[in-house]
Every structure is written in C-alpha cells, then in structure tokens.
2 protein chains.
Amino acid sequence: MTYTKSTSGKRARKEREFSQPYTTVDVVIFTVIDNALQVLLVQRRAGAGEPFPGRWALPGGFVDVAVDATLEDCARRKLFEKTGVKSPYLEQLGSWGSATRDPRAWSATHVWFALIPAQDVTLAKGANAAEVAWFAVDSVIQKDGLAFDHDTILQAAVERLRSKVEYTSLPAFLLTEPFTLPQLQRMYEVVLGRPVDKSGFRTRMLAASFLKEAGYVAGESNRPAVGYRLADRQTPAVFPRTFSPRSGQ
Amino acid sequence: MTYTKSTSGKRARKEREFSQPYTTVDVVIFTVIDNALQVLLVQRRAGAGEPFPGRWALPGGFVDVAVDATLEDCARRKLFEKTGVKSPYLEQLGSWGSATRDPRAWSATHVWFALIPAQDVTLAKGANAAEVAWFAVDSVIQKDGLAFDHDTILQAAVERLRSKVEYTSLPAFLLTEPFTLPQLQRMYEVVLGRPVDKSGFRTRMLAASFLKEAGYVAGESNRPAVGYRLADRQTPAVFPRTFSPRSGQ
DNA sequence: GAAATAGTGTCTTTGAGACAGTATAAG
DNA sequence: CTTATACTGTCTCAAAGACACTATTTC
C-alpha cells in the first residue's frame with residue numbers, strides 16, 4: 001500500500017482530502033419465519049436528493065467516523081438499530097464499489113450478513129426508520145427491484161449462505177436456545193430448499209460435537225425431544241472436508 | 001441503506017462531503033518460487049507525512065475515482081502496475097477498516113488476493129515503485145513487521161488460500177500452461193505444506209474435468225508427461241462437498 | 001542395463017444416502 | 001389403541017487413503 005497516486009504529489013493529496021468515495025456499510029439480515037428464509041429490508045425515504053425514493057433496500061448507511069471504531073462495529077450498530085439484537089452471528093460478505101452504483105457519487109459499500117432467530121427481533125418502526133419489514137428471500141430475488149445494487153448483493157449473500165450451510169452448522173444461529181435436532185433439521189431444510197435425511201443428519205451433527213445437551217424440551221410435537229445449546233455462539237462448526245489426511249481428525 | 005445519519009440532516013450532509021474515510025485497495029499477490037509460497041511486497045517511501053516509512057507493505061493504494069470504474073478494476077490496475085500481469089486469478093478477500101489502522105485518518109481498505117505464475121512476472125522496479133520483491137510467506141508471517149494491519153491481512157489471505165486449496169483447483173493458477181499433473185501436485189504440496197498421495201490426486205483431478213489434454217510435455221524429469229490446459233482460466237473447479245444428494249452429481 | 005519419474009491397480013476404511021424399524025409421548 | 005413424532009439400526013455404494021505395482025523415458 002503506497003497510498004500515493006502515480007500522478008503528481010501535491011495535487012493528488014489535495015484531491016484526496018476532498019474527493020474520497022462514499023464509504024458505507026450494509027447488512028443482509030436473515031431469519032426464518034413460516035418455514036421460509038426471510039431478509040430484512042428498509043424502505044427508502046422520498047426526500048429531495050434522496051436516491052431510489054420509496055424503494056426497498058438493505059439496511060445500512062454511512063460509516064460514522066465519530067461513532068464507529070471499526071467497520072464491523074458499524075455493521076453491528078446498524079443491525080442493532082433495526083432489530084434490537086445485540087449478539088447476532090455476523091460474517092463479512094464482501095464489498096461492492098463503483099462509479100455508478102450510487103447516482104450521487106463514487107461509492108463503496110462493505111457488506112456483512114447476519115443470522116438471527118426471529119423471536120429475538122423487535123422491529124424498529126417509525127422515527128427515522130421509515131419502514132422496516134421481513135420479506136421472503138425467494139420472491140425478492142425474483143422481483144429484482146431493490147435500490148442500488150442490492151439485488152446483486154442479496155443474491156451473493158444467499159449463495160454464500162446456501163453453500164456454507166452444506167458444510168457448517170450455520171443454521172443453528174437461526175434458532176433460540178435450547179433447540180432440538182428436529183428443529184435444527186428444519187432450518188437446514190428451509191435454507192437449502194430440499195429435504196434432508198434424518199438419520200444421517202443426526203449422526204453428523206452429533207459427530208461434530210458443537211452441541212451441548214440441555215435437558216428435554218416439550219417441542220411443538222407429540223413426543224418431547226432432547227434440547228441442545230451451542231458450545232460456541234460466535235463460530236460455526238465446520239464439517240470435515242475432502243483432501244484432509246485421515247490422521248488429521 | 002438509508003445513507004442518512006441519525007443525527008441532524010444538514011450538518012450530516014456537510015460532514016459527509018468533507019470527512020469521508022480513506023478508501024484504498026490492497027492486493028495480496030501469491031506465487032511459488034523455489035518450492036515455497038511467496039508474496040509480493042512493496043517498500044514504503046520515507047517522505048514527510050508518509051506513514052510507516054521504509055517498512056514493507058502489500059501493494060495497493062487509493063482508489064482513483066477518475067480512473068477506476070470499480071473496486072476490482074482498481075485491484076487489477078495495481079496488480080498490473082507492479083507485475084505486468086494482465087489476467088491473473090483474482091478473488092476478493094474482504095475489507096478492513098478502522099479509526100486506527102492508518103495514523104492519518106479513518107481508513108478502509110478493500111483487499112483482493114491473486115495467484116500468478118512466477119514466470120509471467122516482470123517486477124516493476126525504480127520510478128515510483130521504490131522497491132518491490134518476493135518474500136517467502138512463512139518467514140513474513142513469523143516476523144510480523146509489515147506496515148498498517150497488513151500482517152493481519154496477509155494471515156487471512158494465507159488461511160483462505162490454504163483452506164480453499166483443500167477443495168478447489170486453485171493451485172492450477174500458479175502454473176503456466178501447459179502443465180503436467182506432477183507439476184500441479186507439487187503446487188498443492190507447496191501451498192498445503194504436506195505431501196499428497198499421487199494416485200488419489202490424479203483420479204480426483206481428472207474426475208473434476210477442468211483440464212484439457214494438450215500433448216506431451218518434456219518436463220524437467222526423465223519421463224515426459226501429459227500436458228494439460230485449463231478449460232476455464234477465470235473460475236476454479238470445486239471438488240464435491242458433503243451433504244449433497246447423490247443424484248446431484 | 002540402472003535410475004528416475006509418470007502413471008495404474010488394489011485393498012481397506014470411512015462415511016454418506018436410503019430406508020426400515022423401534023421408542024415414547026399425546027389424544 | 002391410534003397417531004405422530006423422536007430416535008436407532010442396517011444395507012449399499014462411492015470415494016478417499018495407503019501402498020504396491022507397471023510403464024516409459026534419460027543416461
């Protein structure tokens with residue numbers, strides 16, 4: 001990182017002071033409601049000079065240099081402001097930046113994605129947050145009408161989520177503790193969009209040893225099931241991959 | 001993305017115009033030389049007001065709003081300026097931003113990582129690029145003396161690379177075409193830092209069908225071997241994961 | 001011929017997928 | 001007892017790991 005333009009020095013510095021791109025943070029917040037993967041969207045205001053008025057967008061906005069110590073702090077703040085959730089599963093997704101994605105200026109956004117249990121949320125309506133709501137991911141992706149490049153970003157987030165769910169315990173972060181294995185299995189099935197074999201699922205989950213037993217839970221069904229808590233609520237378990245030496249387990 | 005501060009409107013807008021964080025791009029460029037994974041570093045200049053003078057750093061710098069259409073374009077430009085390579089394998093790694101990582105201001109950097117064959121490179125010395133050189137990754141990580149938070153970034157890049165190598169064809173991008181399977185195997189072994197079984201390796205590579213035969217190549221050994229080219233030089237092949245239905249293959 | 005590396009065959013083990021079967025609750 | 005769901009057992013098959021073996025070149 002030279003932090004120096006290849007063009008002339010003094011002019012470059014002056015430009016830098018006054019024409020930095022916008023720096024924003026957006027958060028793709030997922031949950032599961034009614035057996036469907038949902039994403040949180042915010043409706044944009046219709047003021048003068050506001051881009052994409054009335055359109056739905058991912059929650060996010062400018063980094064507040066005075067408030068946010070890091071980009072991740074900024075993402076956490078935005079998530080908390082909209083949902084009231086304090087310790088979500090949060091993972092960086094990537095960044096998108098170009099001259100055209102924001103009609104006002106060259107802008108770059110840093111994007112996180114989060115998984116939260118629906119029960120933990122209290123949507124922050126009114127006040128500054130014009131309108132906030134959950135939307136079924138599949139229908140949003142089809143419609144393709146979000147503000148900025150948020151359709152692209154949402155698409156990337158869903159792909160990342162679906163692919164990681166194949167080999168990690170991510171869906172566990174969509175549940176409140178304690179939860180049962182059948183409940184967890186349903187989260188996998190909802191996210192993946194296909195049924196999962198019960199037997200294989202159970203052996204796999206228990207083999208990964210990221211679950212701690214927590215008594216019996218009278219679920220919503222006839223027979224109660226064993227309840228579980230996560231050993232670590234920050235990091236997901238990763239199921240064995242290929243190409244690893246057998247001794248490495 | 002509301003793009004509006006929660007604080008007062010007019011003042012917020014004015015602040016936004018004049019106190020955006022720095023937006024930079026850095027590139028972690030990997031290659032293999034002498035059977036070791038190497039990373040390209042640039043020595044920082046010792047001018048007045050220059051942070052970390054004389055220290056080694058990842059190549060990168062400010063986004064040039066007038067030149068770069070997108071962040072990725074910016075990354076490609078920086079990579080080309082230092083190496084002369086036009087079409088590397090390039091993948092976004094993530095972004096790092098905080099109030100403290102740059103002593104001059106709140107700054108956020110977008111990081112890519114690249115894989116290139118050592119033979120393709122012509123290091124751009126002199127002129128503006130003070131000093132550019134390859135370093136063995138392992139020793140750089142041990143020393144822990146890079147500028148900014150580049151030690152952290154390099155660490156993350158190496159972890160990402162090593163983990164993806166377990167289930168993708170990434171190491172193929174470290175070779176010039178045509179290459180042989182034994183050469184490719186050596187790339188895997190260098191990156192992973194452990195030996196790989198020949199037989200399993202071959203069946204796996206050929207099963208993934210991302211290679212096209214390209215005649216015989218008199219390698220550096222006694223017996224010539226079959227040469228291969230990549231079917232797609234942009235995207236790596238992904239070897240089968242777990243949790244997929246058998247019919248899905 | 002010897003040496004060196006390219007490439008193949010085979011045995012074992014693991015674990016996923018499929019599916020049938022058993023256990024325990026509510027009504 | 002029936003029904004519904006939690007949980008377990010078993011068979012098959014694919015693929016990885018380990019390792020011995022054959023093939024083709026240079027010297």
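Quick caveat: nothing in here was measured; it's all calculated off a predicted structure. In what follows, every chain begins at residue 1, and chains take the letters A, B, ... in the order their sequences are listed.
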Polar atom pairs (N or O), protein with nucleotides 21-25 of chain C, under 3.5 Å:
| unit_1 | atom_1 | unit_2 | atom_2 | d |
| --- | --- | --- | --- | --- |
| C:dA23 | N3 | A:Arg223 | NH1 | 2.5 |

Once you round it to whole Å, what is the distance between [atom2] of [N] and [atom1] of [X]?
| X | N | atom1 | atom2 | value |
| --- | --- | --- | --- | --- |
| A:Arg204 | D:dT8 | CZ | P | 18 Å |
| A:Arg194 | C:dA16 | CZ | C1' | 12 Å |
| A:Phe201 | D:dC7 | CZ | C1' | 13 Å |
| A:Leu206 | D:dT8 | CG | P | 8 Å |
| A:Arg202 | D:dT5 | CZ | P | 15 Å |
| B:Met205 | D:dG17 | CE | P | 11 Å |
| B:Glu166 | D:dA16 | CD | P | 13 Å |
| A:Glu189 | D:dT5 | CD | P | 13 Å |

Exercise for the section: Extract the stems that DNA chain C is part of, considering only consecutive pairing runs of at least three Watson-Crick or G-U wobble pairs, both distances under 3.5 Å. Expected result: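 So the stems come out as C:1-27 with D:1-27.
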
Without placing hydrogens or testing angles, list every side-chain donor-acceptor pair under 3.5 Å for residues 231-240 of chain A, not counting sequence neighbours.
| unit_1 | atom_1 | unit_2 | atom_2 | d |
| --- | --- | --- | --- | --- |
| A:Asp232 | OD1 | A:Gln234 | N | 2.7 |
| A:Asp232 | OD1 | A:Thr235 | N | 3.4 |
| A:Asp232 | OD2 | A:Thr235 | OG1 | 2.5 |

Side chain to side chain contact (heavy atoms under 4.5 Å, CB included) with [X]: which residues, sequence neighbours excluded?
| X | result |
| --- | --- |
| A:Thr83 | A:Ile29, A:Leu40, A:Leu79, A:Val85, A:Ile116, A:Val121 |
| A:Ala75 | A:Val25, A:Val27, A:Leu90, A:Trp112 |
| A:Leu206 | A:Leu181, A:Tyr228 |

Practice problem: For A:Arg76, enumerate each residue passing the salt bridge (Lys or Arg N to Asp or Glu O under 4.0 Å) test, keeping only those at least two apart in sequence or located in another chain. | Solution: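 Counting only residues at least two positions away or on another chain, A:Arg76 forms a salt bridge (Lys or Arg N to Asp or Glu O under 4.0 Å) with A:Glu72.
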
Using the salt bridge (Lys or Arg N to Asp or Glu O under 4.0 Å) criterion, which residues pair with B:Asp138? Sequence neighbours excluded.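 Scan of B:Asp138 (salt bridge (Lys or Arg N to Asp or Glu O under 4.0 Å), adjacent residues dropped) gives B:Arg162.
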
Go through the steps for B:Glu166 and B:Arg194 under the test salt bridge (Lys or Arg N to Asp or Glu O under 4.0 Å), then give the verdict.
-> CA-CA 12 Å; B:Glu166 297 280 355; B:Arg194 66 174 139 89; 2.4 Å; yes

How do B:Asp197 and B:Pro182 order along DNA chain C: which one's closest nucleotide is nearer the 5' end?
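In this pair, the answer is B:Pro182.
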
Please tell me which of the listed nucleotides, C:dT8, C:dC19, D:dA6, lies nearest to the side chain of A:Ser199?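 The answer is C:dC19, which lies nearest to the side chain.
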
Parallel, tilted or perpendicular, as decided by the 30° and 60° cut-offs, for the rings of B:Trp56 and B:Phe135: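 B:Phe135 vs B:Trp56 ring planes: perpendicular.
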
Output all residues satisfying ring-ring contact (aromatic ring centres under 6.0 Å, His included) with B:Phe210, sequence neighbours left out; order by chain, then residue number.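 Listed in chain order: nothing, the list is empty.
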
